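Notes for the one structure printed next.
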Amino acid sequence: MASRSLSPSLTPCLWITVSVVCVCLQLLCGHVACGDAQNAREVILLDSKAQQTDLEWISYPPNGWEEISGLDENYTPIRTYQVCQVMEPNQNNWLRTNWIEKGDAQRIFVELKFTLRDCNSLPGVVGTCKETFNLYYQETDSEVGRSLRENQYVKIDTIAADESFTQGDLGERKMKLNTEERIIGPLSRRGFYLAFQDVGACIALVSVKVYYKKCWSIIENLATFPDTVTGSEFSSLVEVEGVCVSDAEEEADNSPKMHCSAQGEWLVPIGKCICKAGFHQKGDSCEPCGRGFYKSSSQDLQCSRCPAHSFNDLEGSWRCDCEDGYYRAFSDPPSVACTRPPSAPQNLVYNINQTSVSLEWNPPADTGGRNDVTYRVICRRCTWEPEECVPCGPNVGFSPAQSGLVDTFVTMMDLLAHANYTFEVEAVNGVSDLSRTQRLFAAVSIATGQAGKSFSSVESQSIIQLSWQEPQQPNGVITEYEIKYYEKDQKDRVYSTVRSKSTSATVNNLKPSTAYVFQIRAFTEAGYGTYCPRLEITTKEEATGRMQNPVIIIAVVAVAGTIILVFMVFGFIIGRRYALAVKFPGTKTYIDPETYEDPNRAVHQFAKELDASCIKIERVIGAGEFGEVCSGRLKLPGKREVSVAIKTLKVGYTEKQRRDFLCEASIMGQFDHPNVVHLEGVVTRGKPVMIVIEYMENGSLDSFLRKHDGQFTVIQLVGMLRGIAAGMRYLSDMGYVHRDLAARNILVNSNLVCKVSDFGLSRVIDDDPEAVYTTTGGKIPVRWTAPEAIQFRKFTSASDVWSYGIVMWEVMSYGERPYWDMSNQDVIKAIEEGYRLPAPMDCPPGLHQLMLDCWQKDRAERPKFDQIVGILDKMIRNPNTLKTPVGTCTRPISPLLDQSTPDFTTFRSVGEWLEAIKMERYRDNFTAAGYGSLESVARMSIEDVMSLGISLVGHQKKIMSSIQTARAQMLHLHGTGIQV
Ligand code: AMP
């Protein structure tokens, strides 16, 4: 009985009451530190802590769970439940909450805070005391009364404490509050109960919080997105259509959407609203344009001041009205000034030749503010006395025309001889017909059959027309030519340029009698070429006295153009960063997008612009360097729907980030191979900026292999390796050096096809978590990188072959980390000393030999990707070569092993080893510190060596360098079953 006085029903109550007070302190602190950002997304359905009156949950049987009051540090009462029936076997104590209405929720979060006592600290409870409890729920459409039927509950989980506490009497300091969260759902009924089943533990349930997550209403891109409950699955995104704020409208084909994530965050905004005509954006709303301002289209960002000769008195105007006497032609946009008809033509002169009359005049002094002035001629024949005039009628011919004259001359033919005519020349413009003011014209009266005045001289424009032939072998489709020209004798050479999409161009506004120098160059997908040699042309003399034709010179530069443009192609290739100096027949050459002045141009050269409305984003599948990576569907018109991965550029990016992000698309878009991930296109006109790639269902190769450890046949693994090698052969043939080939950068689809991915110029530097800074200053994924690339940044296809060897090792070891937990420095040193990774378990010797060949120090000795594909093909055709000899050591004799280094494995004891390195004086230090075996020595760090009392730096170094050698030797034997 004495032992019974341990009083299981009393003692726990004491400590639980104490614990509640202490725990509440923690709770409050935790609450403040947690911040509001996360809580703001939560809709709380139940929070036992917030309730200060009795919770009145159902407890069954009555001597099980007990409702207890506690106080927090502010003496605010809180309600808790406790149970501690640890002495009696077969406990089955239930506690059920009140009914919880779930509202819109589909996924419910249950957060439990509790303390749990360690059974070891309760003497005499062995076999009866438990350290877990069970959490259940029951879905119902309404409350079901206070009876409790166990079989109606669905188990959520068994809950165990991360930290139980041990010492009741020392009390509070040892007590640990546990927080556990479970998610239930999708739920279909209107509400539910939670239940806690105790089977003999000592628990204080300090708080129960039940909530769900919501994306709270926000305004983004002038669209309002309503409160949205998160989806029913952990990774699903809920697509939400936005509603434009007042006085805004949806941008054409770009309706606003956002995605509500399971965490209650808004992600991936697409499309937008824009302020309607007459309104401009201010913060998250649209405001009317002020008086004297207008905005003619929703596409315009800002309201503009009324243009010249116009005004408005109202707010929110989409245009301004014209002042009196000024007009707007029907085709005039609201942004141009109001104009008026022109004044009369000036200096009208004529010339009579028999029955023809030529007229010539100068333009009007006032064009009315327009540049669409043309001329029309009214012809009237008049009697001599009295002068009465009638229209000339259809028999008179006008050359070039009677109206719509652009030039300032006209000839009338087939006039009657010895007749009197009046000609009125009127200047008209786009608003002449709108004006009701009097017509203004110049007029002459002429009698035919008499000699007239000669024409005055007229200023002529000088024009040169050039034409040339397309080069015979351009290195791509020529999209444009650029013609540069300048006055030959001008000291400070001012260049002008014109562009032409065809092989001819007209150059206007040249000075007469002036020598000009012309140069032409072509633009292809590869960028601009070099200019062809200079072509010198002198314009004709300025003519006097008579009207003059424009100077037209057809300069045929066909031969020069052909040769030079072909040169341009080669000049371009040589200048390329990764490109080959020699082009392989039938293979495209990779073009470095950085050589483009305008990165947008590079993207659109290589990647198709997709309409965002063709893309449906479904879920977030990863985090990229620039934003979320999502999966979704792409449906292009006339094509079947395909699954895609969508990389998004996060909002608020810098121009450089946008450039770097799209760079990957500019690179990927140049490739077309079944073992290189395929780019579907990009969305650059609209937000977010997206890169759309074929969907690779099994994600990255390293994690895929780790997930399926040991599950593939050797042939399957070699098939994967063959695919990667074929993709790399294609890339190296194009002159592309990957620099970051690793299993994490290979993607796997549902058919186990492996494809090379992760392209980008700066990706190795910025993106790869494996990349570390080396002494040469660059950031490099050391374990995957060839020594010459680490030491002097010599990245070539041969260094990619080294990385490929590491990928082979990763694949054959199912995603093992190369060189395990050795430090990067040790890896570099071991490689330098000639050591190489041993064959992974069950790896056929032929494959390991191929790895070792890829890791030849001399890069010229490494196989080419073409050879690697050939070797792997042979293995696949002859599966016998892939058999691993059973029961034998799988380590092949490596030609690369540095055999001259003393072999640690040959020493039988620590003493012998110390003798060999002439450090036997420290034998006792090693023994005293417990380093009795060579294996324990091999694990020593420099600190361990120093702690032995070895203070001479030279000796420390000597011992450490021998230990590192030993480690590398052991590494070489790792996985072979040989004990060191
Ligand atoms: P990245 O920015 O390329 O490193 O991509 C980040 C993560 O998104 C990767 O680790 C993959 O898990 C995933 N991912 C990227 N591209 C694809 C794709 N085409 N198909 C499937 N998952 C992908």
Side-chain angles (χ1 to χ4, degrees), residues 234-237 259 261 267-268 593 607-608 610 615-634 641-650 653 657-683 688-708 720 723-724 727 731 736 738-771 779 781 784 803 807 810-811 815 817:
F234 175 66
S235 58
S236 65
L237 291 181
H259 297 82
S261 80
L267 296 177
V268 206
K608 186 156 72 179
L610 302 173
I615 301 165
K616 184 160 173 45
I617 295 178
E618 282 172 347
R619 59 185 59 214
V620 176
I621 54 171
E625 186 197 350
F626 297 97
E628 284 91 25
V629 182
C630 306
S631 66
R633 316 277 300 161
L634 172 71
E641 193 176 67
V642 288
S643 293
V644 286
I646 302 143
K647 291 189 172 184
T648 60
L649 176 59
K650 57 184 166 245
Y653 53 80
Q657 283 171 325
R658 179 189 148 96
R659 207 173 44 231
D660 290 351
F661 175 71
L662 288 175
C663 191
E664 181 172 24
S666 301
I667 296 173
M668 208 188 292
Q670 298 183 47
F671 305 141
D672 179 17
H673 188 274
N675 295 106
V676 177
V677 279
H678 170 73
L679 176 76
E680 294 287 354
V682 292
V683 178
V689 176
M690 296 185 255
I691 298 178
V692 183
I693 312 163
E694 69 173 304
Y695 185 54
M696 300 292 287
E697 294 82 352
N698 281 313
S700 48
L701 178 61
D702 60 336
S703 49
F704 174 69
L705 287 170
R706 274 179 224 129
K707 206 154 95 196
H708 298 279
M720 293 180 199
I724 302 165
L731 294 178
Y736 179 78
H738 191 293
R739 292 168 174 237
D740 196 12
L741 181 58
R744 66 184 166 278
N745 291 331
I746 303 291
L747 292 171
V748 188
N749 74 9
S750 55
N751 296 323
L752 295 195
V753 177
C754 290
K755 305 197 182 197
V756 182
S757 100
D758 225 52
F759 305 104
L761 296 169
S762 57
R763 313 221 38 164
V764 175
I765 299 157
D766 299 330
D767 183 25
D768 192 337
E770 281 292 349
K779 219 179 164 195
W784 283 263
S803 313
V807 173
E810 289 182 276
V811 169
R817 180 169 166 75

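Remember, it's a predicted structure, so these values are computed and weren't measured experimentally. All ligand and atom numbering here is 1-based and tracks the order in the structure.
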Can you tell me which residue among Val677, Leu701, Asp758 is in a side-chain contact (heavy atoms from CB on, under 4.5 Å) with Asn745? Asp758
Close-contact set for ligand 1 against Ala645 heavy atoms, below 4.0 Å: 17 (C), 18 (C), 19 (N), 20 (N)
Heavy-atom contacts with Gly624 under 4.0 Å: which atoms of ligand 1 show up? List them by number with element. 2 (O)
Have a look at Glu680 and tell me which of Val644, Ile646, Ile691 forms a side-chain contact (heavy atoms from CB on, under 4.5 Å) with it. Val644
Restricting to non-hydrogen atoms, name the atom on Pro688 and the atom on Leu649 that form the minimum distance, rounded to 0.1 Å. CB-O, 3.8 Å
Contact summary for Ile617 and Met690, nearest pair of heavy atoms: CD1-SD, 4.3 Å
Determine, considering heavy atoms only, which of Val677, Val748, Ile691, Leu747 sits nearest to atom 16 (N) of ligand 1. Leu747
Side chains of residues 746-756: which donor-acceptor pairs under 3.5 Å do they make with residues two or more places apart or in other chains?
{"residue": "Asn749", "atom": "OD1", "partner": "Asn751", "partner atom": "N", "Å": "2.8"}
{"residue": "Asn749", "atom": "OD1", "partner": "Leu752", "partner atom": "N", "Å": "3.3"}
{"residue": "Asn749", "atom": "OD1", "partner": "Val753", "partner atom": "N", "Å": "3.0"}
{"residue": "Lys755", "atom": "NZ", "partner": "Pro674", "partner atom": "O", "Å": "3.3"}
{"residue": "Lys755", "atom": "NZ", "partner": "Glu694", "partner atom": "OE1", "Å": "3.1"}
{"residue": "Lys755", "atom": "NZ", "partner": "Glu694", "partner atom": "OE2", "Å": "3.2"}

Could you list the atoms of ligand 1 found under 4.0 angstrom from a heavy atom of Ala623? 6 (C)
Asn745 contact mode with ligand 1 (heavy-atom cut-off under 4.0 Å): neither
Heteroatom distance test (Tyr695, ligand 1): nitrogen or oxygen, under 3.5 angstrom: no
Nearest neighbour of atom 22 (N) of ligand 1 from the list Leu701, Ile621, Ile693, Val644, on a heavy-atom basis: Ile621
Closer than 4.0 Å to some heavy atom of Lys647 - which atoms of ligand 1 meet that? 1 (P), 2 (O), 3 (O)
Which ligand 1 atoms are under 4.0 Å away from a heavy-atom of Val629? 5 (O), 6 (C), 8 (O), 14 (N), 15 (C)
Residue set satisfying ring pair (Phe, Tyr, Trp, His ring centres under 6.0 Å) with Phe704, at least two apart, ordered chain then number -> His708, Phe712
Among Arg744, Met696, Glu697, which one puts a heavy atom closest to atom 20 (N) of ligand 1? Met696
So that I know where these two stand, are Phe759 and His738 an aromatic pair - ring centroids less than 6.0 Å apart? yes
Check Leu267 against Ser261 and note the closest heavy-atom contact, atom names and distance. CD1-CB, 3.7 Å
Looking only at N/O atoms, are Glu625 and ligand 1 under 3.5 Å apart anywhere? no
